[in-house]
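First the structure, in the form of structure tokens, and then the observations on it.
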Amino acid sequence: MTQLMQSPRILSAGEGESYSMLSHTFTIKVSAEDTDGAWVMSEVSDTVGNGAPLHTHPWHETFYILEGELEIQVGKRTIQATPGASVYLPANIAHGFKICSPTARVLVLIPAFAEAFYREVGQEVTTLPPSIDALQQVCERHNVHLFL
């Protein structure tokens, strides 16, 4: 049996489809299409003080810090993550983060189905600070629980 090879996806810095979610900019580096619908890798960038409140979601997530410093809360534990650090977050574990440096760039790996949540938040919640009601509605549709 001959297996068809897909073309490699090679992107330089700054390349890839980008979209916004709240204050974050997501740039797709490896798409769901590239992985036959298995997973997505995005470079996420943002600035000091921004982040995500403590929350849970039904998918695994991995952060790899490229630039900057994040304070990541996992349950009751706080981690200072600097360039080169990786943080694997199992599904349904309470976590949140805050950017502590002027800017940060993080590779985020998620299952392909989870990308819909991030895109929908970006499309539906367009004010900063965000409308908590609008954010909660999107969260409910994707089984995300915020601890506000």
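A donor-acceptor distance shorter than 3.5 angstrom exists from the side chain of His60 to the backbone of Ala91, with no hydrogens or angles considered. A donor-acceptor pair under 3.5 Å is formed between the side chain of His57 and the backbone N or O of Trp59. Panel note: side chain Glu115, backbone Phe117; no donor-acceptor pair is recorded below 3.5 Å.
Across Ser101 and Gly68, no two heavy atoms sit closer than the pair OG-CA, 3.2 Å. Residue Leu70 comes nearest to Ala104 through the heavy atom pair CD1-CB, 3.8 Å, listed as atom of the first residue, atom of the second, then distance. When all heavy atoms of Leu11 and Lys29 are compared, the closest pair comes out as CD1-O, 3.5 Å.
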(message) One pair to check against side chain to side chain contact (heavy atoms under 4.5 Å, CB included): Ser23 and Leu128. What are the steps and the verdict?
(response) CA-CA 8 Å; Ser23 61; Leu128 290 175; 4.1 Å; yes
(request) Dump the intermediate steps for side chain to side chain contact (heavy atoms under 4.5 Å, CB included) on Val106 and Phe97, then the final yes or no. (result) CA-CA 12 Å; Val106 179; Phe97 68 92; over 6 Å; no
(message) Working note: Val121 + His142, criterion side chain to side chain contact (heavy atoms under 4.5 Å, CB included); need CA distance, chi angles, decisive distance, verdict.
(response) CA-CA 10 Å; Val121 169; His142 294 273; over 6 Å; no
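Rounded to the nearest 0.5 angstrom, Glu71 CD and Ile99 CD1 are separated by 12.0 Å. A distance of 10.0 Å separates CD1 of Ile79 from CD1 of Ile65, quoted to the nearest 0.5 Å. Between Thr126 atom OG1 and Leu22 atom CG the span is 9.5 Å, to the nearest 0.5 Å. A distance of 11.5 Å separates CD in Glu67 from CG in Leu107, rounded to the nearest 0.5 Å. Considering CG of Asp46 and OG1 of Thr25, their distance stands at 7.0 Å, rounded to 0.5 Å. Here CD of Gln137 is found 8.5 Å from CD of Glu124. Values are rounded to the nearest 0.5 Å.
When only modelled atom types and interatomic distance are considered, His145 and His55 share no side-chain donor-acceptor pair under 3.5 Å.
Linking Ile, Leu, Val, Met, Phe, Trp and Tyr residues whenever their side-chain heavy atoms come within less than 4.5 Å leaves Ile28 and Tyr64 in two separate clusters. Residues Val87 and Leu66 are members of separate hydrophobic clusters, defined by side-chain heavy-atom contacts under 4.5 angstrom among Ile, Leu, Val, Met, Phe, Trp and Tyr. Taking hydrophobic clusters as Ile, Leu, Val, Met, Phe, Trp and Tyr residues chained together by side-chain heavy-atom distances below 4.5 Å, Phe113 shares a cluster with Val40. Hydrophobic clustering, with ILVMFWY side chains joined whenever heavy atoms are under 4.5 angstrom apart, keeps Leu109 apart from Ile72. Both Leu89 and Val108 are members of a single hydrophobic cluster when ILVMFWY side chains are connected at heavy-atom separations under 4.5 Å.
Looking only at side-chain heavy atoms (C-beta outward), Glu17 and Ser31 stay at 4.5 Å or farther from each other. Side-chain contact between Ser42 and Thr27 is absent, with no heavy atoms from C-beta onward closer than 4.5 Å.
By the 6.0 Å contact criterion, NZ on Lys98 is open, its count of non-hydrogen atoms from other residues, nucleotides or ligands being 12 or less.
Phe147 shares a hydrophobic cluster with Leu54; the chain of contacts runs through ILVMFWY side chains whose heavy atoms sit under 4.5 Å apart.
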